[in-house]
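The structure appears below as structure tokens.
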Amino acid sequence: MRILQVEDEPAAAKMLGKGLREQGYAVDTAHDGVDASYKAAVNQYDLIILDVVLRGQDGFGICRDLRTAGFSGPILMLTARDSVEDRIRGLDVGADDYLTKPFDYLELLARVRALLRRRRSPYVETIDVGDLRIDLKAHTVTRATLPIELTAKEYTILEYLASRRGELVSREDLSEHAWDENYDPFSNLIEVYILRLRKKIDAMHEVKLLRTRRGKGYMLCADSVTASDA
Ligand code: CA
């Protein structure tokens with residue numbers, strides 16, 4: 001999942017970005033409203049974390065602009081003070097949730113997870129693809145009930161493919177949702193990660209779940225395929 005954080009204080013942005021990346025999210029940072037609108041227009045974000053107190057246009061104005069421009073994903077606002085007026089204002093301009101600064105980092109992560117889950121359905125906590133199970137809350141993966149150890153990035157990629165199971169996911173889509181703006185489209189990073197994921201998920205099993213369509217993309221699906229198709 002790819003997140004845009006809008007924060008003008010470099011130290012705060014760096015800390016939050018680092019923490020989110022450790023959880024496997026791809027994170028871009030915008031320092032003001034102009035930057036935020038530009039990035040939201042050219043990249044596909046699954047969630048935006050928006051600080052209210054910014055130099056120039058404040059978070060309320062930015063939130064309204066993002067919604068007007070068609071951003072439909074969840075927006076989590078970081079408010080400076082816990083006032084009812086601020087919360088109402090935030091909700092009125094299109095925010096989905098708010099958190100008061102200073103916030104507990106673990107609570108922020110929980111809100112982020114909840115908002116991302118809500119996009120699918122609030123009650124979906126696991127995705128099953130055949131005997132592969134992805135636990136969206138715990139960020140754990142099992143196949144035939146046996147745990148599979150994945151790195152944060154591998155998990156991010158698998159979760160995205162699982163959220164679109166049965167569909168062909170293009171390299172562009174995958175890079176948009178699993179990498180930040182530093183992704184080099186000419187690198188072979190995606191291939192490398194897919195290879196590792198396939199090893200961990202499919203190597204020991206007869207039924208291969210992760211397929212490659214050469215030149216087109218990848219698909220996670222439970223229909224039985226032989227290794228030669230994969
Ligand atoms: Ca700020």
Side-chain angles (χ1 to χ4, degrees), residues 1-120 122 136-137 139 152-153 155-156 159-160 175-184:
M1 293 289 163
R2 186 171 179 184
I3 295 173
L4 174 67
Q5 65 159 340
V6 188
E7 170 63 83
D8 57 347
E9 294 140 59
K14 203 174 162 192
M15 209 164 74
L16 184 58
K18 183 172 178 281
L20 289 166
R21 280 185 202 101
E22 278 168 10
Q23 298 297 312
Y25 299 110
V27 185
D28 293 336
T29 303
H31 298 290
D32 57 34
V34 175
D35 199 16
S37 296
Y38 172 74
K39 284 182 172 160
V42 298
N43 300 313
Q44 291 176 31
Y45 294 107
D46 299 292
L47 178 130
I48 295 178
I49 298 174
L50 183 54
D51 189 26
V52 167
V53 182
L54 297 162
R55 279 184 289 274
Q57 190 185 24
D58 69 12
F60 297 116
I62 296 171
C63 188
R64 200 179 41 237
D65 286 357
L66 287 168
R67 290 305 188 204
T68 306
F71 179 75
S72 61
I75 296 179
L76 170 61
M77 287 198 116
L78 304 180
T79 62
R81 52 183 195 278
D82 190 18
S83 75
V84 177
E85 291 79 18
D86 268 13
R87 275 186 249 166
I88 293 172
R89 225 179 131 193
L91 295 171
D92 278 348
V93 292
D96 298 277
D97 200 0
Y98 64 89
L99 205 53
T100 311
K101 275 184 163 183
F103 52 81
D104 185 290
Y105 176 65
L106 291 177
E107 188 182 356
L108 178 115
L109 285 182
R111 300 279 179 107
V112 165
R113 282 197 302 273
L115 285 169
L116 289 171
R117 271 204 310 277
R118 203 184 292 172
R119 296 195 73 185
R120 305 177 187 110
L136 303 171
K137 222 171 174 179
H139 283 203
K153 179 61 93 187
Y155 175 84
T156 302
E159 192 199 78
Y160 185 68
S175 67
E176 277 289 337
H177 291 273
W179 270 272
D180 61 25
E181 60 193 349
N182 298 315
Y183 174 74
D184 170 8

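Indexing begins at 1, ligand by ligand and atom by atom, following the structure's order.
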Next item on the list: Could you label the plane-to-plane angle of the His139 and Tyr25 rings as parallel, tilted or perpendicular, counting under 30° as parallel and over 60° as perpendicular?
Entry: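 If you compare the ring of His139 with that of Tyr25, the planes turn out perpendicular.
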Next item on the list: Would you list the protein N, O or S atoms within less than 3.0 Å of the Ca ion (ligand 1), leaving out water?
Entry: Glu7 OE2, Asp8 OD1, Glu9 OE2, Asp51 OD2, Val53 O
Item checked: ring-ring contact (aromatic ring centres under 6.0 Å, His included) partners of Tyr38, counting only residues at least two apart -> none
Notebook entry, point to check: So with a 6.0 Å cut-off around NZ of Lys14, is the heavy-atom count from everything else above 12?
Noted result: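 At most 12 heavy atoms, drawn from other residues, nucleotides or ligands, come within 6.0 Å of this atom.
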Notebook entry, point to check: For Tyr98, does the OH atom have more than 12 heavy-atom neighbours from other residues, nucleotides or ligands under 6.0 Å away?
Noted result: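 Not buried by this count: 12 neighbours or fewer within 6.0 Å.
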Note to self: Do Leu16 and Tyr105 have side chains that approach each other closer than 4.5 Å (heavy atoms only, starting at C-beta)?
What the structure shows: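 Touching, per the 4.5 Å side-chain cut-off.
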Note to self: I'd like to check Val93 versus Arg67 (side-chain heavy atoms, cut-off strictly below 4.5 Å). Are they in contact?
What the structure shows: no
